[in-house]
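First the structure, in the form of structure tokens, and then the observations on it.
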Amino acid sequence: MRLSQMLFVTLREDPAEAEIPSHKLLLRAGYIRRIGSGIYAYLPLMWRVLQKVSQIVREEMNATLAQECLLPQLQPAELWRESGRWDTYTQAEGIMFALKDRQERELGLGPTHEEVITTIAKEMIRSYRQLPLHLYQIQTKFRDEIRPRFGLMRGREFIMKDGYSFHADEESLKKTYQDMHQAYSNMLRRSGLSFRAVQADSGAIGGSGSQEFMVLAEAGEDEVLYTEDGQYAANVEKAVSLPADAENSIFTSYEKRETPGTDTIEKLCKFLKSSPTQVVKNVLYQAVYDNGMTVLVLVIIRADQEVNEVKLQNELTKLSGNYGGKTLLFLTVPDAEAQQKWAAKSLPLGYIAPDIGDDYIASHKQVNSKFLRLVDHTAVDLKNFVTGSNESSYHVVGANWGEQLKLPENVVDVRKARPGDRAIHNPAQTLQSARGIEVGHIFQLGTKYSKAMGATYTNEQGEEVPLVMGCYGVGVSRLAQSAVEQSYDKDGIIWPVAIAPYHVIISIPNVSDAAQLQAAEQLYDQLNEAGIETLLDDRNERAGVKFKDADLIGIPYRIVTGKSLKAGKVEVVERATHKAQDIALEEVVPTLKQWIDAAVS
RNA sequence: CGGGGUGUAGCGCAGCUUGGUUUAGCGCGUCUGCUUUGGGAGCAGAAUGUCGCAGGUUCAAAUCCUGCCACCCCGACCA
């Protein structure tokens, strides 16, 4: 491609809309253009990058014998009602763009494709002989994100590879899951990314095991906790660890004490000169289930620990049935306004005890009349601890479960693991923290969707049983941007060779010099013939402009047909290092070919 | 949705507090000509704006008031 004929517009200044380096650079270098919030045009250079990434993804998927297909983006609401996700996807998270057609039929713009694929499986898979089966597609997904961010990192329209596998049993699922783990590792390695596979929460997708593939970068939205020995890595949402040991209580007998102005743990501990590990805090949450039922949840946890809201949500979702709901819609810490809606009298905020009376909850059809009390493991073994008294300005000290306070029945793990905590597999290891960009996520779904939608097959025994499923996603456009986030310098993007839009750019310092022009044209033809993707900067610009642009757009190798031409040589510069060397004209193609092959393999 | 912020030329910004001196300006980019030609050149000239939108106040509004819209940042969501 000749730059003189290309839509090529670079910016000298950072666009005001961009915050993180990769977003600024993609805009400045003319790869993308914002059309609306979370909606971007992929311009020609970007599209080539996305094609490269897609191709790597495709090759790795095909190597596992997965089959490519293309599913509809316009999806009938009834499919989503069947799986039970229409409400959660259009109401709670509200992530699906929902619309009506001229017949008033409800449709959704596909945020994911479990429903469509399960329908196909239901209709087409009859026998165990057809299993296992793995279908995937690469296409645009639509999600009405609560907050689109950082360009392609979190768009409302983005390119994703999603794959769905069907199995006769868990064992077969695990095999494919392992294959996917390998395929995903290959994709990211081939794309030139530094990454880590971590244990993950399955979230709204559901199912049992899942792992995320995190591209390590400071701008990442996720926190990863891992150990140096490489034995453990998990998303902070999912991570488990051993908490620090509790200190011995300084109190020996039960007593109610006046503790004025101690509505935070910090103030309380200072006042009592007690360690927060000897304090039980009681955190109030408000859960709303899909049947409209509100449940007040009291989380009882050691005061030096924090509540992991993802774990809490999972616990509450498990309990949905107790309240007549199917799923949890909202989980919030009720503010003063929210409290007014159900509180029978004003709450002793900051002084709540584990046994706070259910008479604080006014009688209301849509509000459960009792607190749901969940006690975290960290609070269970404490002796002579400090906690609230249900009376403002008073706490109790020296309290014990089974004596002054009854230990609630629901003992759970809702504690947030933190960097510095000891690891469970080996307490000598401590958790380290890193930021990551989630570019891939693989799930063992099990029979969640197949059961809900009646997707069954006939097994060897002639019984009709639900299909066992897995699903596997890669954010193709996100992956491309995270490559930039991981690889740039003050001059611009440094694309990994495997996903660069072009391998080589030939910069002609002076287009009015016939010798330079002729040498460049000849090299351009030779490189293209050799299958090396080449840009020719034949614009009538000064050399400095061309060098700046070449660096900005991040093409791995730059050829300059300049001074050394007299000696029958051109200068070849590696973008990543700016290392330059003169190479004889006839050696250029074989040399570059070798470099590129080495970089891509 | 809650909190914070911004909308002025393709991009980055000033002007707004204290309405009139602005036929609305600066830098970059764009166009024309000449010179220059190895790290975003110089000189000369030129074009480009519903000042986010709609009302209102006023003799007079980019500037003051009201409403709306869009976008960005912090939190819940996720590939």
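Just so we're on the same page: letters track the sequence lines, and every chain starts at 1.
Look at the C1' atom in both B:C51 and B:A61: the space between them is 11 Å, to the nearest Å. For the P atoms, the distance linking B:C53 with B:G10 amounts to 13 Å, nearest Å. Comparing the same atom, P, in B:A24 and in B:A9 gives a spacing of 14 Å after rounding to whole Å. Comparing the C1' positions of B:U66 and B:U48 gives a spacing of 33 Å, expressed to the nearest Å. B:G3 and B:U18 are spaced 31 Å apart, taking the C1' atom of each and rounding to whole Å. The separation of B:U21 from B:G4, taken at their P atoms, amounts to 35 Å, rounded to a whole angstrom. Nucleotides B:A47 and B:G52 place their P atoms 24 Å apart, quoted to the nearest Å. Between B:C65 and B:A76, the two C1' atoms lie 36 Å apart (nearest whole Å).
Looking at heavy-atom distances under 4.0 Å, A:R558 makes contact with a base. Contacts of A:D491 with the nucleic acid, taken as non-hydrogen atoms under 4.0 Å apart, are absent. As judged by a 4.0 angstrom heavy-atom cut-off over every strand, A:V9 is placed among residues making no nucleic acid contact. Residue-level contact check: A:G492 touches neither bases nor backbone, having no heavy atom under 4.0 Å from any strand. Across all strands shown, A:G544 has heavy atoms under 4.0 Å from sugar-phosphate atoms exclusively, and none from any base.
Between A:D201 and A:K238 there is no salt bridge, since no side-chain nitrogen of the basic residue lies less than 4.0 Å from a carboxylate oxygen of the acidic one. Here A:D413 pairs with A:K311 in a salt bridge; the nearest charged N to carboxylate O distance falls below 4.0 Å. Between A:E68 and A:R58 there is a salt bridge, since a side-chain N of the basic residue sits under 4.0 Å from a carboxylate O of the acidic one. Taking a cutoff of 4.0 Å between a charged side-chain nitrogen and a carboxylate oxygen, A:K141 and A:E157 do not qualify as a salt bridge. Between A:K416 and A:E237 there is no salt bridge, since no side-chain N of the basic residue sits under 4.0 Å from a carboxylate O of the acidic one.
Contact between the side-chain N/O atoms of A:R542 and the OP1/OP2 oxygens of B:A41 is found at a separation under 4.0 Å.
Between atom CG of residue A:L109 and atom CG of residue A:D144 there is a gap of 10.5 Å, rounded to the nearest 0.5 Å.
In this structure, the CE atom of A:M153 is 19 Å from the P atom of B:C77, given to the nearest Å. In this structure, CD of A:E114 is placed 12 Å from P of B:C78, rounded to the nearest angstrom. Taking atom CE of A:M96 as the reference point, atom P of B:C78 lies 14 Å away to the nearest angstrom. B:C71 atom C1' lies 17 Å from atom CD of A:E145, rounded to whole Å. Note: CG (A:D201) to P (B:A79) measures 11 Å, nearest angstrom. As a whole-Å value, the separation of A:N540 CG from B:A41 C1' is 13 Å. Atom CG in A:L552 sits about 18 Å away from atom P in B:G39, given to the nearest Å. Rounded to whole Å, atom C1' of B:C78 lies 13 Å from atom CG of A:D144.
In this structure, A:F443 and A:H441 have parallel ring planes: the angle between them is below the 30° cut-off, well short of the 60° mark. In this pair, A:Y289 and A:Y323 present their aromatic rings parallel. The plane angle is below 30°, not in the 30 to 60° band.
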Between N or O atoms, less than 3.5 Å apart, protein on one side and nucleotides 26-32 of chain B on the other: list the pairs.
{"residue": "B:G27", "atom": "N2", "partner": "A:E13", "partner atom": "OE1", "Å": "3.1"}
{"residue": "B:G29", "atom": "OP1", "partner": "A:R12", "partner atom": "NH1", "Å": "3.3"}
{"residue": "B:G29", "atom": "OP1", "partner": "A:R12", "partner atom": "NH2", "Å": "3.0"}

Polar pairs (N or O, both sides) under 3.5 Å between protein and nucleotides 72-76 of chain B?
{"residue": "B:C72", "atom": "OP2", "partner": "A:S37", "partner atom": "OG", "Å": "2.9"}
{"residue": "B:C74", "atom": "OP2", "partner": "A:R147", "partner atom": "NH1", "Å": "2.9"}
{"residue": "B:C74", "atom": "OP2", "partner": "A:R147", "partner atom": "NH2", "Å": "2.4"}
{"residue": "B:C74", "atom": "O5'", "partner": "A:R147", "partner atom": "NH2", "Å": "3.3"}
{"residue": "B:G75", "atom": "OP2", "partner": "A:R149", "partner atom": "NH1", "Å": "3.4"}

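Screening residues 479-492 of chain A for salt bridge (charged side-chain N to carboxylate O under 4.0 Å, His left out), with sequence neighbours left out, gives A:D489-A:R575. Counting only residues at least two apart or in different chains, ring-ring contact (aromatic ring centres under 6.0 Å, His included) contacts with residues 20-52 of chain A comprise A:H23-A:Y40, A:Y31-A:W495. Listed by first and then second residue, the salt bridge (charged side-chain N to carboxylate O under 4.0 Å, His left out) pairs involving residues 36-56 of chain A are A:R48-A:E533, A:K52-A:E533 (not counting sequence neighbours).
Residue-to-nucleotide contacts include no donor-acceptor pair under 3.5 Å from the side chain of A:D335 to the base of B:G2. Side-chain atoms of A:D551 and base atoms of B:G39 include a donor and an acceptor less than 3.5 Å apart. A donor and an acceptor atom sit less than 3.5 Å apart, one in the side chain of A:R154 and one in the base of B:C77. A donor-acceptor contact under 3.5 Å is formed by the side chain of A:D222 with the base of B:C78.
Taking the side chain as every heavy atom from C-beta outward, A:E221 and A:R149 approach each other to under 4.5 Å.
With sequence neighbours excluded, the residues satisfying salt bridge (Lys or Arg N to Asp or Glu O under 4.0 Å) with A:R190 are A:E59, A:E60. Every residue meeting the side-chain contact (heavy atoms from CB on, under 4.5 Å) condition with A:A338, not counting sequence neighbours, appears here in chain and number order: A:Q286, A:P334, A:D335. With sequence neighbours excluded, no residue forms a side chain to side chain donor-acceptor pair (under 3.5 Å) with A:K326. Annotation: side-chain contact (heavy atoms from CB on, under 4.5 Å) contacts of A:Q67 (sequence neighbours excluded): A:L133, A:L135.
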Can you give me every donor-acceptor pair (side chain of residues 543-557 of chain A, partner residue at least two apart or in another chain, under 3.5 Å) with its distance?
{"residue": "A:K546", "atom": "NZ", "partner": "A:I508", "partner atom": "O", "Å": "2.8"}
{"residue": "A:K546", "atom": "NZ", "partner": "A:D537", "partner atom": "O", "Å": "3.1"}
{"residue": "A:K546", "atom": "NZ", "partner": "A:R539", "partner atom": "O", "Å": "2.6"}
{"residue": "A:D549", "atom": "OD1", "partner": "A:T10", "partner atom": "OG1", "Å": "2.9"}
{"residue": "A:D549", "atom": "OD2", "partner": "A:R539", "partner atom": "NH1", "Å": "3.2"}
{"residue": "A:D549", "atom": "OD2", "partner": "A:R539", "partner atom": "NH2", "Å": "3.0"}
{"residue": "A:D551", "atom": "OD1", "partner": "A:R558", "partner atom": "NH1", "Å": "3.4"}
{"residue": "A:D551", "atom": "OD2", "partner": "A:H578", "partner atom": "NE2", "Å": "3.3"}

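For the pair A:E221 and A:N510, both in contact range of RNA chain B, the more 5′-proximal nearest nucleotide belongs to A:N510. Residue A:S512 is the one, among A:G440 and A:S512, whose nearest nucleotide of RNA chain B lies closer to the 5' end (criterion: closest heavy atom).
In this structure, A:F547 forms no aromatic stack with the base of B:G40, since the conditions of centre separation below 5.5 Å and plane angle below 30° are not both met.
Contacts with RNA chain B (heavy atom under 4.0 Å) in residues 561-572 of chain A: A:G562, A:K563, A:E571, listed by number.
Secondary-structure annotation of RNA chain B gives the stems B:1-7 with B:69-75, B:10-13 with B:25-28, B:30-35 with B:41-46, B:52-56 with B:64-68, with a stem taken as at least 3 successive Watson-Crick or G-U pairs whose two distances both fall under 3.5 Å.
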